[in-house]
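Data first, discussion second: the structure below is written as structure tokens.
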Amino acid sequence: MKKTLIICEKPNAAGKIAAAIADGKPRRREFKSVPYYELEQDGKKIVVVPALGHLFTLKNVKPLRDYPVYDVRWVPAYEADRRAARSKPFVEAIAEMAKDADEFINACDYDIEGSTIGYNILRYLCGPDAPKRAKRMKFSTLTAKELRKAYENLLPTLDIGLVNSGLARHLLDWYWGINVSKAMSSAVEAAHKRFVKLSAGRVQTPTLKILFEREKEIRAFVPEPYWVIKAIFEVGGQRIEALHKKEKFFDKSEAEKVHEICRNKPARVAKITVREYRTAPPPPFDLGQLQSEAYRCFGYTPARTQQLAQSLYDNALISYPRTSSQKLPPEIGYAEILSRIGEIREYGELVEKLLGREELKPHEGKKTDPAHPAIHPTGESPKGLTGPRRRLYDLIVRRFLSTFADPAVKQSIRIDLDVAGQPFYFRGRRIMEKGWLEFYGPYGATEEVLLPEFKEGQELMPTELVFEEKETQPPPRYNPSSIIKEMEARNLGTKATRAIILQNIYDRNYITGNQIEVTELGEKTIEALLGYCPEIASEELTAHFEREMEKIQNGQSDKEKVLEDAKEKLNKILEKFRKHEVEIGKVLGEAYRKTRRAQKVLGECPKCHGELRIIVSRRTKKRFAGCSNYPKCNYSYPLPQRGKIVPLGKTCPECGAPMIQVNRMGSRPYRMCLNPDCVTKANWGNPRKNKPQ
DNA sequence: GCAAGGTC
């Protein structure tokens with residue numbers, strides 16, 4: 001009997017594809033714990049087998065001693081990296097299934113990476129002529145109907161354009177990233193005779209540059225004083241603040257004049273403007289939006305949210321999280337998911353309201369995804385789910401419910417006042433119809449500002465006229481959520497990699513803090529790159545790649561030619577690097593030393609005004625905060641022994657001791673002061689909270 | 001050691 005092998009990108013997709021094309025139920029089997037599916041149809045045997053993303057990766061042919069290197073080949077991922085051990089049984093399973101197969105179908109996601117994943121599997125595991133004979137399944141959602149249709153309308157060959165651009169993408173990223181990273185590390189070695197792990201890449205370096213530019217803006221910012229004038233009223237026991245219409249006075253004498261004119265003068269209500277407006281329900285979550293909301297609502301970093309969402313997905317509670325889609329196709333079965341969610345106590349009432357409607361129609365967003373719908377709950381019971389995963393699940397459920405609800409109707413009121421000819425105003429806001437806000441619950445809370453009744457012409461006497469000096473503020477720092485949004489807007493990285501690449505930039509000590517600051521090392525690194533390899537620091541490289549990829553895709557450009565061009569360009573850049581190796585290395589090595597030292601300084605010693613630093617005891621190997629003037633000063637504080645300690649550069653408002661943040665794997669970072677006897681810790685380890693008696 | 005991309 002003939003045998004067809006269908007190669008899928010991941011286990012979950014293999015299950016869905018097998019179920020969709022089988023007339024009956026496919027048989028689920030396992031090979032070295034890799035699940036695969038068997039079915040018989042039209043007199044032939046079909047085997048559906050999953051990959052685990054990329055099973056092959058690029059590896060240096062020779063150990064990397066010097067640059068430039070372009071001698072690189074594809075190897076099974078587990079051979080290049082011990083951490084990829086999980087991919088080994090998948091490689092073995094596919095090789096086994098391919099042995100007696102005479103037809104091959106690449107059914108990975110229909111995008112550049114999916115085409116590359118399938119192509120590598122075909123050429124390395126299915127025989128030398130498999131890529132030429134293989135067919136391609138093309139689908140844009142994993143719904144049974146579409147999968148069935150894709151199977152019945154197979155593309156007769158691989159999408160060789162996508163394959164070639166995928167292969168080129170991997171090689172180009174590797175050429176640029178590995179060589180420039182190596183050049184920087186070698187420079188430090190040449191100047192300081194020590195190894196420092198430095199890196200550059202098509203995504204990480206432009207991202208660092210964005211952060212660095214903001215850093216420069218903040219440093220160059222000169223605050224300007226300005227003055228505000230506010231009239232304060234007490235109406236029916238309510239305090240109302242009206243601001244002078246010219247919100248900022250940059251001319252002090254002008255402000256003083258206005259203040260003088262208005263002093264002790266009554267206000268007259270000049271105009272009341274009432275406006276009603278509707279806010280549409282939010283679209284369902286794509287990964288980026290989920291990361292952004294989880295940061296806003298819970299303070300979770302995008303990397304943490306991604307990890308939590310993956311865990312919810314592993315437990316079948318939510319759909320595939322690495323999606324850029326804001327669409328919910330009807331095939332997911334709105335009513336069924338809703339009614340199952342309705343069985344969860346806290347959502348019962350809300351769900352009833354939605355199910356009682358004539359039509360269920362989600363308010364979708366614009367973004368789409370080649371293989372997955374927006375993130376949504378599956379309806380599976382979240383029994384026993386607690387802590388951060390529960391919170392994230394609640395956010396996802398409420399977002400899903402909100403998307404089916406009505407717009408919210410809000411009313412804004414603006415009251416314009418006249419005080420001795422000077423214009424002042426204040427605003428009120430009320431919610432007329434809650435609409436989706438009711439479903440989004442705590443995450444959509446908008447503060448109402450309810451005002452007493454006013455009439456035009458009415459007179460009021462201010463209880464106070466405030467004259468206040470303020471300063472203009474520098475542009476805000478990026479935080480992990482806003483920089484990821486910026487990366488998305490600039491098309492840097494992908495939904496699945498942005499949070500990881502940001503984490504990498506932190507781990508390299510290029511940046512620090514939640515309000516992201518660029519360290520000395522980050523600054524010198526980006527400056528060196530701007531000086532010697534501006535290409536890699538510019539988003540233009542990504543744009544250039546993209547144009548070339550597109551040309552390769554539609555056959556207008558040859559992959560080999562694009563790669564040769566890249567090598568030539570890189571060789572010139574790296575030569576320049578080499579020539580200035582010692583001077584570049586000196587600067588980077590020095591910056592590295594300073595940055596590492598700064599990370600150990602926690603604050604000022606309260607006893608002698610020396611520096612409190614993280615010190616690891618030689619004797620006990622435990623760490624503590626000790627004074628830099630030791631042995632003259634022996635002041636010290638204990639430190640938590642686990643997790644990364646980040647100095648906050650602030651002191652405790654209660655006791656004045658330096659503040660730190662503790663980042664521990666798998667838990668939310670927390671802030672504390674160093675003083676173990678501080679009143680802020682009075683309730684720590686409160687048995688009432690931990691153990692109900 | 002070094003990238004960015006996919007997966008769990």
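Reminder, nothing fancy here: chain letters follow the sequence lines and each chain counts from 1.
With respect to the salt-bridge test (charged N to carboxylate O, under 4.0 angstrom), the residues Lys495(A) and Glu488(A) do not qualify.
The separation between Leu52(A) atom CG and dG5(B) atom C1' is 13 Å, rounded to whole Å. Regarding Asn106(A), its CG atom lies at a distance of 13 Å from the C1' atom of dG6(B), rounded to whole Å. Protein atom CD1 of Ile117(A) is 6 Å distant from nucleotide atom P of dT7(B), rounded to whole Å. Rounded to an integer number of Å, the gap from Lys88(A) NZ to dC8(B) P is 21 Å. When rounded to the nearest whole Å, the span between NZ of Lys495(A) and P of dA4(B) equals 17 Å. With rounding to whole Å, Ile501(A) atom CD1 is found 9 Å from dA3(B) atom P. Residue Leu287(A) contributes atom CG, which lies 15 Å from atom C1' of dG5(B) at whole-angstrom precision. In this structure, CH2 of Trp174(A) is placed 19 Å from C1' of dG6(B), rounded to the nearest angstrom.
Within 4.0 Å (heavy atoms only), Gly493(A) reaches sugar-phosphate atoms of the nucleic acid but no base atom. Across all strands shown, Tyr320(A) has heavy atoms under 4.0 Å from sugar-phosphate atoms exclusively, and none from any base. Contacts of Arg498(A) with the nucleic acid, taken as non-hydrogen atoms under 4.0 Å apart, are absent. Across all strands shown, Ala200(A) has heavy atoms under 4.0 Å from sugar-phosphate atoms exclusively, and none from any base.
In this structure, Ser181(A) does not reach the dA3(B) phosphate: none of its side-chain N or O atoms is under 4.0 Å from OP1 or OP2. At dT7(B), none of the side-chain N or O atoms of Tyr313(A) fall inside 4.0 Å of OP1 or OP2 (strictly under the cut-off). Put simply, Arg86(A) has no side-chain N or O that comes within less than 4.0 Å of OP1 or OP2 on dG6(B). Residue Gln310(A) has no polar side-chain atom (N or O) positioned under 4.0 Å from OP1 or OP2 of dT7(B). In this structure, Thr494(A) reaches the dG6(B) phosphate: one of its side-chain N or O atoms is under 4.0 Å from OP1 or OP2. For dG5(B), one of the phosphate oxygens OP1 or OP2 lies less than 4.0 angstrom from a side-chain nitrogen or oxygen of Arg202(A). At dA4(B), none of the side-chain N or O atoms of Thr497(A) fall inside 4.0 Å of OP1 or OP2 (strictly under the cut-off).
For the residue pair Asp369(A)/Ser324(A), the side-chain donor-acceptor check at 3.5 Å is satisfied. A donor and an acceptor atom, one from each side chain of Asn491(A) and Glu546(A), are located under 3.5 Å apart.
Taking the six-membered ring for Trp and the full ring otherwise, the centers of Tyr110(A) and Phe139(A) sit at least 6.0 Å from each other.
When distances run from any side-chain atom of Arg169(A) to the nucleotides dG5(B), dC8(B), dA3(B), the shortest one goes to dG5(B). Side-chain proximity of Ile178(A) to dC8(B), dG6(B), dA3(B): nearest is dA3(B). With dG6(B), dA4(B), dT7(B) as the candidates, the nucleotide lying closest to the side chain of Arg322(A) is dT7(B). Closest approach to the Glu113(A) side chain among dC8(B), dG6(B), dA4(B) is made by dG6(B) (side chain taken as heavy atoms from C-beta onward).
Comparing Ala496(A) and Arg83(A) by the nucleotide of DNA chain B whose heavy atom lies nearest to each, the residue mapping closer to the 5' end is Arg83(A). Residues Asp109(A) and Leu64(A) both approach DNA chain B. Their nearest nucleotides, taken by heavy-atom distance, put Leu64(A) toward the 5′ side.
A heavy atom lying under 4.0 Å from DNA chain B marks none of the residues of residues 566-585 of chain A.
With sequence neighbours left out, the side-chain contact (heavy atoms from CB on, under 4.5 Å) criterion links Lys567(A) to Tyr70(A), Tyr175(A), Glu564(A). The salt bridge (charged side-chain N to carboxylate O under 4.0 Å, His left out) search around Lys10(A) returns Asp109(A), not counting sequence neighbours.
Tyr300(A) pairs in a side-chain hydrogen bond (donor to acceptor under 3.5 Å, both in side chains) with only one of the listed residues (Arg391(A), Gln291(A), Gln306(A), Gln307(A)), which is Arg391(A).
For the pair Arg578(A) and Tyr67(A), the cation sits on the ring face: its NZ or CZ lies under 6.0 Å from the ring centre, inside 45° of the axis.
Tyr320(A) and Tyr313(A) have perpendicular rings, their planes meeting at more than 60° on a 0 to 90° scale where under 30° would count as parallel.
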